[in-house]
Amino acid sequence: SLITVADADTVRIWDMGKGALELSIDHLKGARILAVSPDGEVLAVGLQNKTIELRRVQDGELLRTLSGHTDWVRSLDFSPDGQKLASGAFDATARLWDVASGELIHTLSGHQSSVLGVAFSPDGTTLATGSVDRSVRLWDVMTGMPVKVLVGHTAFVYSVAYSPDGKVIASGAGDNTIRLWDVTSM
């Protein structure tokens, strides 16, 4: 399946084999970003109204709504085991959520401006965040405490990603660069 967000209020799930629309979830009021759980069962949708909706991929049913951000949700990522969801928002925070209960686990504060990218390490122990403040921050998922601040970009950091082995973080920024950070020495 391919899942898309369109027109800021519709999520569509496509059957790639048939090239046909399987499901349309309408009237989401400002859908901006989405993520799918590793098992393909849960869809997280970040909304302009500062909430995140968790929906069942199979039929689009609303499972729960996560509230806590004070501005638009801009980025989402599920932990590798699918038990946690990270969100980044224009409120300069990242948040860690328990997917099963919808409870907030940690609010990660430290960026000076909007958090545009979030990514879990492959082992799920660290979260990387990228921000308008031009930094990449690493966080301990268990404690919610900062681990390291990576600086070097001269413009907004739009995205962060871990290599499959977890040894390198890639960050993409508005300064037209992609930086590769060796995290094995940190």
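A quick note: this is a predicted structure, and the numbers were derived from the prediction, not measured. All residue numbers refer to positions in the sequence shown, counting from 1.
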Leu138/Val183 under side chain to side chain contact (heavy atoms under 4.5 Å, CB included): CA gap, chis, key distance, verdict: CA-CA 10 Å; Leu138 306 182; Val183 293; 4.1 Å; yes

Quick one: does any side-chain atom of [X] pair with a main-chain N or O of [Y] as donor and acceptor, under 3.5 Å?
{"X": "Thr177", "Y": "Arg179", "result": "no"}
{"X": "Ser101", "Y": "Glu103", "result": "yes"}
{"X": "Arg74", "Y": "Ile33", "result": "no"}
{"X": "Asp91", "Y": "Thr70", "result": "yes"}
{"X": "Ser113", "Y": "Val132", "result": "no"}
{"X": "Arg64", "Y": "Leu54", "result": "no"}
{"X": "His153", "Y": "Ile178", "result": "no"}
{"X": "Glu22", "Y": "Ala20", "result": "no"}
{"X": "Ser131", "Y": "Ser114", "result": "yes"}

Hey, are [Y] and [X] close enough side-chain-wise for a donor-acceptor pair under 3.5 Å?
{"X": "His111", "Y": "Thr93", "result": "no"}
{"X": "Thr107", "Y": "Arg95", "result": "yes"}
{"X": "Ser171", "Y": "Trp181", "result": "yes"}
{"X": "Thr126", "Y": "Trp139", "result": "no"}

Between [atom1] on residue [X] and [atom2] on residue [Y], distance to nearest 0.5 Å:
{"X": "Ser1", "Y": "Asp15", "atom1": "OG", "atom2": "CG", "answer": "6.0 Å"}
{"X": "Ile169", "Y": "Lys148", "atom1": "CD1", "atom2": "NZ", "answer": "11.5 Å"}
{"X": "Asp182", "Y": "Lys167", "atom1": "CG", "atom2": "NZ", "answer": "9.0 Å"}
{"X": "Thr143", "Y": "Ile105", "atom1": "OG1", "atom2": "CD1", "answer": "12.0 Å"}
{"X": "Lys18", "Y": "Leu21", "atom1": "NZ", "atom2": "CG", "answer": "12.0 Å"}
{"X": "Leu127", "Y": "Arg137", "atom1": "CG", "atom2": "CZ", "answer": "12.5 Å"}

Cluster overlap [X] with [Y], hydrophobic side-chain contacts below 4.5 Å:
{"X": "Ile52", "Y": "Leu104", "value": "yes"}
{"X": "Val36", "Y": "Leu76", "value": "no"}
{"X": "Leu150", "Y": "Val160", "value": "yes"}
{"X": "Trp97", "Y": "Leu63", "value": "yes"}
{"X": "Phe78", "Y": "Leu108", "value": "no"}

So, for [X] and [Y], which heavy atoms are closest and what is the spacing to 0.1 Å?
{"X": "Pro122", "Y": "Ser163", "value": "CG-O, 3.3 Å"}
{"X": "Phe120", "Y": "Tyr162", "value": "O-CD1, 3.3 Å"}
{"X": "Thr4", "Y": "Trp14", "value": "OG1-NE1, 3.1 Å"}
{"X": "Ala89", "Y": "Val73", "value": "CB-CA, 3.9 Å"}
{"X": "Tyr158", "Y": "Ala173", "value": "CD1-C, 4.0 Å"}
{"X": "Ala94", "Y": "Val118", "value": "CB-CG1, 4.4 Å"}

Begin from the C-alpha positions of Leu28 and Arg55 and carry the test side chain to side chain contact (heavy atoms under 4.5 Å, CB included) through to its verdict. CA-CA 11 Å; Leu28 291 177; Arg55 293 182 169 270; 3.5 Å; yes

Is there side-chain contact between [X] and [Y], with at least one heavy-atom pair below 4.5 Å?
{"X": "Pro80", "Y": "Asp123", "value": "no"}
{"X": "His69", "Y": "Ser87", "value": "yes"}
{"X": "Asp9", "Y": "Asp26", "value": "no"}
{"X": "Leu34", "Y": "Ile3", "value": "yes"}
{"X": "Val151", "Y": "Arg134", "value": "no"}
{"X": "Val141", "Y": "Leu96", "value": "yes"}

Are there more than 12 heavy atoms of other residues, nucleotides or ligands under 6.0 Å from atom CG of Leu62?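 Check passes, neighbour count above 12.
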
Give the intermediate values and the outcome of side chain to side chain contact (heavy atoms under 4.5 Å, CB included) for residues Val149 and Val136. CA-CA 6 Å; Val149 179; Val136 174; over 6 Å; no

Quick one: do Asp77 and Ser75 satisfy side chain to side chain contact (heavy atoms under 4.5 Å, CB included)? Show the steps, please. CA-CA 7 Å; Asp77 192 34; Ser75 54; over 6 Å; no

